[in-house]
Amino acid sequence: AQTVTQSQPEMSVQEAETVTLSCTYDTSESDYYLFWYKQPPSRQMILVIRQEAYKQQNATENRFSVNFQKAAKSFSLKISDSQLGDAAMYFCAYRSPNTGNQFYFGTGTSLTVIP
Amino acid sequence: GAVVSQHPSWVICKSGTSVKIECRSLDFQATTMFWYRQFPKQSLMLMATSNEGSKATYEQGVEKDKFLINHASLTLSTLTVTSAHPEDSSFYICSASGQGLLAKNIQYFGAGTRLSVL
């Protein structure tokens, strides 16, 4: 099974500032997908951003962007201009094309946004 | 994005009874659905994967006879917790992926069901 590691159990950021959440993964595959999901207090999992491994360009979605380093097997999430609504658990996930769309999740990072 | 509806959002039941949780994909055909269990402040633990029309594939350590999964159509999967006990109390989440640009390679999640067994 693939391993996804989020080494930061908790992070905090001042409102309007920028924060980066770390994620590393272990794989021998060359083609795969990576995701960041957000789980606010409502516990609804929300897709934040995704990256295809074959794409060199880092994905961006408004204030959210990733730094995908394939050789280093690193996939960090940068949140710019943090807002109070960004406070949530953030899960990094890996999808292998060989396991029927099964996702492997990291242990999560709890993000607090300080007003 | 695609919408996955999960019901009920919260259910309380007596020990020994069975509870059914429904997961529906509202605007796409879900060829694969996943059922997860989540303990407080922990990550999602995959329980089983179900493909439409096939028997579910359970993860190691998950009791097939306790957690019955049915995926009879491309828009509906159900999880039945049989003879529930207090240790089954947890948060259960379904997700779905399917055909088409909307849902290919992505899992869309339901809002989850909080199960409390008295």
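Here is how names work: the chains are called A, B, and so on, in the same order as the sequence lines, proteins then strands, and each is numbered from 1. This one's a predicted model, so the numbers in the text were calculated from it and none came from an experiment.
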- Assess whether atom NZ of B:K66 is packed by more than 12 heavy atoms of other residues, nucleotides or ligands within 6.0 Å.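 More than 12 within 6.0 Å, yes.
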- What do you reckon, is CD of A:Q56 surrounded by more than 12 foreign heavy atoms closer than 6.0 Å?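 Atom CD in A:Q56 is not crowded, with 12 or fewer foreign heavy atoms closer than 6.0 Å.
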- Checking B:Q38 against chain A: side chain, backbone, both or neither under 4.5 Å from a heavy atom?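 Both parts, backbone and side chain.
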- Message: Just so I understand: if I count every heavy-atom pair under 4.5 Å between each of B:G112, B:S95, B:G110 and chain A, which residue has the most?
- Response: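 The residue among B:G112, B:S95, B:G110 with the greatest pair count is B:G110.
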Gap separating the [atom1] atom of [X] from the [atom2] atom of [Y], nearest 0.5 angstrom:
X: B:Q42; Y: A:M89; atom1: CD; atom2: CE; result: 9.5 Å
X: B:F109; Y: A:Q39; atom1: CZ; atom2: CD; result: 9.0 Å
X: B:Q107; Y: A:R50; atom1: CD; atom2: CZ; result: 12.5 Å

Shared ILVMFWY cluster between [X] and [Y], side chains joined below 4.5 angstrom?
X: B:L74; Y: B:L76; answer: no
X: B:L79; Y: B:I93; answer: no
X: B:Y58; Y: B:V81; answer: yes
X: A:L77; Y: A:Y32; answer: yes
X: A:V113; Y: A:W36; answer: yes

- Message: Using the rule given for side-chain contact (heavy atoms from CB on, under 4.5 Å), can you reason through A:R95 versus B:I106, listing the C-alpha separation, both sets of side-chain angles and the distance that settles it, and then say yes or no?
- Response: CA-CA 9 Å; A:R95 174 193 176 271; B:I106 297 174; over 6 Å; no
- Which pair of heavy atoms, one from B:S43 and one from A:F105, lies closest together, and at what distance?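 It is OG-CB, 3.5 Å.
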- Task: Show your reasoning for whether side-chain contact (heavy atoms from CB on, under 4.5 Å) applies to A:F103 and B:F34.
- Result: CA-CA 10 Å; A:F103 280 24; B:F34 303 85; 6.0 Å; no
- Between A:R43 and chain B, which part of the residue has a heavy atom less than 4.5 Å away: side chain, backbone, both or neither?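 Both backbone and side chain.
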